[in-house]
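This report refers to the structure that appears directly beneath it.
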Amino acid sequence: MPLVAARTVEDLAKAEARDYLWTLNFGPQHPATHTTLRIVLLLDGERVVDAIPDIGYLHSGFEKIGEHLNYNQYVTVTDRMNYISPLANNIAWHGAVEKLLGLEITPRCKYLRTILAELSRISDHLLCNGAVGLDTGAFTYFLYAFYQREVLYDIFETLCGARFTNSYTRVGGVMYDTTPLVLEKIRTFVRNFPKTLDDMDRLLNRNRIFVDRTRNVGVLSKADAINSSATGPIARASGVTRDLRKDEPYLAYQDFDFQVCCATAGDCFARYLVRMAEMRESLKIVEQALENLPAGPVDVDIDERTALPTKREVYSTIEGTISHFELVMANRGFPVPNEEVYGAIESPNGELGFYLVGDGTDVAYRARCRPPSFIHFALFPKLIRGHTLSDVVAVLGSLNIIAAELDR
Amino acid sequence: MMSGQAFLDRIKNEFGDKITGANLAAIDPWVEVAPEGLVEVCKYLRDQPDLRFNMLNCISGVDYFEPDPKKAAKLDWQPHLEVVYHLSSLPTKISLVLKVILPRWKGDRPGDLPEVPSVSGVWSTADWHEREVFDLVGVRFSGHPDLRRILCPEDWVGYPLRKDYEMPLEYHGIRGR
């Protein structure tokens, strides 16, 4: 129980002075938490005096599983962390693994991963903003957002066969190359989506009810955002200009023309606006990457011995046969240096990092994850203090807390 | 931007024997700090105008331990715990890794957790991260405002990310394995 019992006389006196406060249990099962998390709220009438987050309801030992599954198998677990944008997690995981191996992926793979990372950013922002709209009463807006998410799911399904848990990347490449049909579907999406975005802008940006419920609610100052390591749209809405895509360009981001979207207000409305603006920037990146998608192989060279060779190579070349055998046999796999790395990407929600310790085998010695939700949820009591009970859902929605990633 | 060696010389000058080691050849170069000097070093790194490591990305605990004595004999390290701090600087866009190396148990008495001073006064992110390391790896952060388990239930026994951890047979009537 997070409510600490009174131990000393002073504590007791304090407890009596606060006796008139209500204690309200919010969650773990509540439609507005969207996932499984619990907050104990101390209320003075309708005002929130304090909020005590209690997490761990969805703790499933992902980091422990990482010490048992090999680098390719673990990608299925990363899908289940932030299941709103699984492809971004896949890319973050294998980005860190490739940094550990010192592996340079092919240009085509870089571009492809960039496209997918940006599409999953759009998908994540659509859900987050849609849910904020839903929680504050804008149901129509939610449906607009979810219709487009459905289109994105169709693209992912055509790409890799799975709509929800994609597990698309592999060490040194991806599951398999794209088809012209996928590219055509993405092109259609890029063409049609701005119209929906305009509609969504018109629905909420000047909607009196929505603006009243979100403006000046849950204000995060720039100093607080930096000191508590907020990243992603939440930090950028508070005026922190950090974006890993610009600061430490990974994949192919240095090739594209896009802007980092920032605001200075730091409230729920600013976070909403930053996410809306980021979707437009993501579309720009997707369009540029799509039109300049390099030809050539999508997996690393066969000599690297990390990506499974194609069937044709296995049957017709000796290197292919050896490589296939080494990767498929249970006690073989590829060698990994005795090193440790921290690899991070700018995931839709913020900086998603993996700290990997390699021990020579193809199973990580330690697979630590730095989930953005964990850091952002710690901010929640600070943001909600002094606001009303109905603001809890607005703040919670704008932080985009995904409990599977929070608890791992 | 100063080179790794220049930076290392500078903090060695400043803190002397509190900087107990470094590896500049690693993929992510790291500096090892003695536990008693940690808070001081962190404050220095955060506040120096040309360093400004004002963001703590992540605190991770790693347990180095091999339960199998045959395999342990072949290893080039002794059993120990590491607490790893990943820092970034927003103004200079540089990242840095600090390490604190600890015995697995304080004074080699099993059950007595090793201690590190808490840096939650330097970066507020450290609050939850230290609770997580305490919960899963078993490191006591002295001076932490509220050191409780965070992911596991309050009455959980053991530290799941230690290499010699075994799942309990049952927990409140739920089968464990």
Side-chain angles (χ1 to χ4, degrees), chain A residues 1-2 4 52-61 63-64 66-67 99-102 223-231 235 240-242 244 246-248 337-344 351 353-359 365-371 374-375 377-379 382 406-408, chain B residues 23 25-28 30 46 52 54-64 66 75-77 82 84-97 99 120 122-129 131-133 135-137 146 148-156 160-163 165 167:
Chain A
M1 288 297 293
V4 183
I52 303 156
D54 180 22
I55 67 169
Y57 285 90
L58 229 55
H59 179 52
S60 7
E63 288 179 12
K64 191 77 178 174
E67 296 169 11
K99 188 177 171 192
L100 178 67
L101 290 164
D224 277 347
I226 294 172
N227 192 254
S228 51
S229 310
T231 46
V240 182
T241 52
R242 186 167 194 264
L244 286 179
K246 284 274 189 208
D247 292 353
E248 302 165 14
N338 282 307
E339 285 264 17
E340 44 205 272
V341 294
Y342 176 77
E351 179 182 328
F354 284 98
Y355 171 61
L356 292 174
V357 181
D359 66 344
Y365 191 75
R366 178 86 166 86
R368 166 92 166 112
C369 170
R370 184 249 192 230
F374 188 75
I375 280 117
F377 196 42
L379 287 168
K382 198 182 283 171
L406 175 72
D407 296 342
R408 299 173 317 273
Chain B
N23 183 353
I27 303 177
D28 288 333
W30 48 266
R46 186 192 62 177
R52 297 271 295 283
N54 48 9
M55 191 169 139
L56 172 68
N57 290 39
C58 185
I59 301 180
S60 335
V62 191
D63 180 22
Y64 286 90
E66 178 55 63
L75 294 171
D76 55 353
W77 41 258
E82 276 179 18
V84 188
Y85 299 79
H86 289 93
L87 314 179
S88 309
S89 161
L90 294 184
T92 61
K93 303 190 192 345
I94 301 174
S95 50
L96 174 71
V97 184
K99 268 188 185 187
S120 55
V122 186
W123 300 283
S124 53
T125 338
D127 188 339
W128 278 27
H129 275 274
R131 278 177 68 187
E132 190 185 329
V133 174
D135 184 2
L136 300 180
V137 189
D146 182 24
R148 295 180 280 124
R149 283 189 182 269
I150 186 166
L151 295 179
C152 295
E154 294 270 289
D155 57 349
W156 196 258
L161 283 180
R162 291 237 175 169
K163 293 281 174 183
Y165 175 78
M167 268 293 278

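Residue numbers begin at 1 in each chain, while the letters A, B, ... track the order of the sequences.
Rounded to the nearest 0.5 angstrom, B:Trp128 CH2 and A:Ile375 CD1 are separated by 10.5 Å. Separating the OG atom in B:Ser124 from the CD1 atom in A:Ile226 is a distance of 11.5 Å, to the nearest 0.5 Å. Rounding to the nearest 0.5 Å gives a distance of 5.5 Å between CD of A:Glu67 and CG of B:Leu161. Put simply, CZ on A:Arg370 and SG on B:Cys58 are 7.0 Å apart, with the number rounded to the nearest 0.5 Å. How far CZ of A:Phe374 is from NE2 of B:His129: 5.5 Å, rounded to the nearest 0.5 Å.
Interface check for chain B: of the options A:Glu351, A:Lys64, A:Glu63, the most heavy-atom pairs under 4.5 Å are formed by A:Lys64. Across A:Ser229, A:Gly102, A:Ala230, A:Gly61, the residue that shares the most heavy-atom pairs under 4.5 angstrom with chain B is A:Ser229. The most heavy-atom pairs under 4.5 Å with chain A, out of B:Leu136, B:Asn23, B:Asp135, B:Val84, come from B:Val84. Counting heavy-atom pairs closer than 4.5 Å to chain A, the top-ranked of the candidates B:Leu56, B:Leu75, B:Val97, B:Asp127 is B:Leu56.
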Residues A:Arg366, B:Glu82; criterion salt bridge (charged side-chain N to carboxylate O under 4.0 Å, His left out); working and verdict: CA-CA 11 Å; A:Arg366 178 86 166 86; B:Glu82 276 179 18; over 6 Å; no

Take B:His86 and A:Arg368, measure what side-chain contact (heavy atoms from CB on, under 4.5 Å) needs, and give me the verdict at the end. CA-CA 12 Å; B:His86 289 93; A:Arg368 166 92 166 112; over 6 Å; no

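Heavy-atom distances place the side chain of B:Leu90, and not its backbone, under 4.5 Å from chain A. At a 4.5 Å heavy-atom cutoff, B:Trp156 makes no contact with chain A through either its backbone or its side chain. Heavy atoms closer than 4.5 Å to chain B are found in both the backbone and the side chain of A:Val341. In this structure, the portion of B:Val122 lying under 4.5 Å from any heavy atom of chain A is its backbone and not its side chain. Looking at A:Thr231, only its side chain comes within 4.5 Å of chain B, counting heavy atoms on both sides. For B:Ile59, the part lying under 4.5 angstrom from a heavy atom of chain A is the backbone only. Of the atoms belonging to B:Arg162, it is backbone heavy atoms, and not side-chain ones, that fall under 4.5 Å from chain A.
Formation of a donor-acceptor pair under 3.5 Å by the B:Thr125 side chain with backbone atoms of A:Asn227 is found in this model. A donor-acceptor contact shorter than 3.5 Å is absent between the side chain of B:Lys93 and the backbone of A:Glu248. Here the side chain of A:Tyr342 pairs no donor or acceptor atom with the backbone of B:Asn57 at under 3.5 angstrom.
For B:Ser95, the side chain to side chain contact (heavy atoms under 4.5 Å, CB included) test picks out B:Ser88, with sequence neighbours left out.
By the 30° and 60° cut-offs, the orientation of the rings of B:Tyr64 relative to A:Tyr365 is parallel.
Minimum heavy-atom separation, A:Leu406 to B:Leu151: O-CD2, 4.2 Å.
Residue-environment remark: CZ (B:Arg149) exceeds the threshold of 12 foreign heavy atoms within 6.0 Å.
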